[in-house]
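Before any comments, here is the structure.
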Amino acid sequence: MATDIQDAPMQIAQQRFKLRVWITSRLWAQVMAGMVLGFGLGLLMSEATGLVPPDVAEVAGLWLALPGRIFLALIAMVLIPLIFSSIVGGLAGAGSGEELRSVGLRLAAFILVTTTVAAGIGVALAQWLRPGTGLAGFSVPVPAPAPVSQGETLPDAPDLSAPATLPDLIADILPTNPTASIVQGDMLAVVVLALLVGVSVTQVQRSRAAPFLALMEALLSISMNIVKWAMFLAPFAVFGLMAQLVMRMGFETMLGISGYVGAVLLGLAGLLCLYLSIAFLFARVTPLRFMKAAGSNLLLAFSTSSSSAVMPVTIQSARQLGVPENIANLVVPLGATMNMAGTALYQAVAILFLAQLAGIELSAVQIGVVVGTLVASSIGAPGTPGVSIAILINVATSMGIPVEGMVIILGVDRLLDMCRTAVNVTGDLVAAVLFRAVGQTGETAAS
């Protein structure tokens with residue numbers, strides 16, 4: 001009996017130690033807890049409950065979201081050097097030129113095919129469910145333009161009705177001023193510059209390129225270290241961002257356009273299943289193993305609505321799935337910048353939703369143009385919150401679809417942005433897993 005009494009404190013201490021290890025080692029559990037608690041707090045402080053005055057709730061939401069803003073700022077601070085150094089290092093370590101071409105061509109084909117399929121899924125669902133039909137006639141009247149007095153000129157405005165031609169788009173891909181691209185955070189320009197530098201490094205004598213590659217390796221290590229510091233804020237960031245989202249959005253908005261939200265979520269669920277099926281059929285990675293390695297990463301992507309912000313974690317998840325470091329460092333940054341199939345699906349549903357709101361029936365040719373435009377617009381879109389709205393307005397305007405109903409889409413865009421970001425990150429991981437055999441030899445091969 002005495003021995004049992006003496007052993008009790010030790011057993012309690014062991015259980016506490018196990019709990020502490022479990023909490024500190026399982027990021028997904030912390031993120032999930034933050035998400036659930038943030039949702040509950042946001043619901044309690046929302047305008048629907050009336051427990052907190054709206055002005056107080058707004059101020060509280062800003063303070064609750066502060067850890068999330070700091071988290072995103074820390075990631076954004078090292079994002080450009082992280083992307084640049086990882087792509088250059090990945091290209092330099094990918095092996096022969098034949099292997100580089102193999103990865104590049106297969107990645108381009110993967111992105112193009114999956115993005116086109118995703119846009120097609122969105123069109124099919126929107127045509128089948130017709131979420132905008134029940135709300136046909138809903139619109140926010142556009143205020144009449146104020147009269148302009150004689151001699152007064154209107155300010156210049158961007159011409160959304162005249163999208164850039166294809167040659168202009170191709171020419172604009174090349175960063176003519178890399179410094180300006182870095183300052184402006186133009187991720188596509190940074191990726192193109194990194195690709196050019198990385199390929200060029202492979203054509204230089206190894207001894208001459210060694211100092212530069214050592215610098216890139218050091219830059220990558222330093223950036224990843226800062227990311228590790230930022231990850232300590234991840235659960236608090238998720239908690240605050242979720243609470244602020246629920247406070248501002250409320251359930252009334254969701255219920256009012258449940259058909260549109262349901263169509264997008266159904267399409268994203270189908271795309272997620274397609275990704276998991278590809279990983280299982282072509283890479284022999286079961287959905288259970290995939291979600292075990294990537295669960296916390298996808299939850300973090302869902303919470304932050306930014307595939308770029310979680311890119312360092314995505315690289316770590318890819319390595320847990322057996323992807324060699326050089327392939328992960330190459331494929332994931334490219335995917336985070338160019339693989340936006342979930343965004344293309346969302347925009348396809350949204351375009352047809354706006355058309356249905358306005359009572360416009362698009363022909364098969366027009367729908368084909370919409371799919372092609374969305375695929376081209378989604379590839380290379382920055383992986384940051386809210387960018388898809390600008391693309392959506394541009395495409396809708398170019399197709400002659402009124403955008404007065406955008407107020408409905410904006411009401412739930414944050415929630416759908418979270419969902420499609422998680423799906424986009426899933427696509428990046430699946431791409432990395434598909435290409436993990438490239439450059440593997442002997443001991444580096446995935447088991």
Side-chain angles (χ1 to χ4, degrees), residues 27-28 31 68 71-91 103 107 110-111 181-182 185-195 198 216-217 219-231 233-234 237-238 275 293-321 323-343 378-385 387 417-418 420-433 435-436:
L27 180 63
W28 68 267
V31 171
F71 170 81
L72 293 175
L74 283 173
I75 299 294
M77 183 172 60
V78 298
L79 190 58
I80 289 179
L82 182 63
I83 289 178
F84 187 85
S85 59
S86 62
I87 291 178
V88 172
L91 285 170
V103 172
L107 180 59
F110 175 84
I111 292 175
S181 300
I182 292 173
D186 187 350
M187 292 304 167
L188 182 58
V190 173
V191 167
V192 171
L193 179 62
L195 287 172
M216 291 295 99
E217 185 178 353
L219 186 60
L220 179 60
S221 299
I222 293 171
S223 301
M224 291 298 291
N225 199 39
I226 295 177
V227 169
K228 289 179 182 178
W229 297 343
M231 293 311 297
L233 285 174
V238 171
Y275 277 140
S296 60
N297 184 19
L298 299 183
L299 285 173
L300 196 58
F302 176 83
S303 305
T304 60
S305 301
S306 174
S307 53
S308 297
V310 300
M311 190 193 70
V313 188
T314 307
I315 293 175
Q316 297 300 321
S317 298
R319 295 178 64 180
Q320 292 178 20
L321 287 168
V323 181
E325 183 177 1
N326 60 317
I327 299 298
N329 287 343
L330 175 61
V331 173
V332 172
L334 289 175
T337 308
M338 306 178 73
N339 185 23
M340 299 290 174
T343 301
S378 299
I379 296 176
T384 50
V387 171
D417 199 358
M418 296 162 72
R420 64 180 178 264
T421 299
V423 175
N424 287 339
V425 172
T426 302
D428 299 341
L429 281 171
V430 170
V433 168
F435 307 143
R436 65 182 176 182

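Scope of the values below: all heavy atoms of this structure, side chains included, with no hydrogens, waters or symmetry mates.
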- Task: Test side-chain contact (heavy atoms from CB on, under 4.5 Å) on V332 and V323 and set out the steps.
- Result: CA-CA 11 Å; V332 172; V323 181; over 6 Å; no

- Task: Could you check I111 against L334 for side-chain contact (heavy atoms from CB on, under 4.5 Å), going step by step and ending with a plain yes or no?
- Result: CA-CA 10 Å; I111 292 175; L334 289 175; 5.9 Å; no

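Between I226 atom CD1 and L74 atom CG the span is 8.0 Å, to the nearest 0.5 Å. Note that the CE atom of M311 and the CG atom of N297 stand 11.5 Å from one another [nearest 0.5 Å]. Distance check: Y275 OH to L429 CG gives 11.0 Å after rounding to the nearest 0.5 Å. Note that OG of S85 and CD1 of I80 are 11.5 Å apart. Values are rounded to the nearest 0.5 Å. A distance of 8.0 Å separates CZ in F110 from CG in D428, rounded to the nearest 0.5 Å. Atom CE of M340 is separated from atom OG1 of T421 by 8.0 Å, given to the nearest 0.5 angstrom.
Contact of the L330 side chain with the L107 side chain is not registered, since no non-hydrogen atoms from C-beta on lie closer than 4.5 Å.
Closest of all the heavy-atom pairs between A294 and S317 is CA-OG, 4.1 Å. Annotation for A318 and A328: closest pair CB-CB, 4.1 Å, computed over non-hydrogen atoms.
Looking at residues two or more places apart in sequence or on another chain, you find no salt bridge (Lys or Arg N to Asp or Glu O under 4.0 Å) involving E217. With sequence neighbours excluded, the residues satisfying side-chain hydrogen bond (donor to acceptor under 3.5 Å, both in side chains) with N424 are T343.
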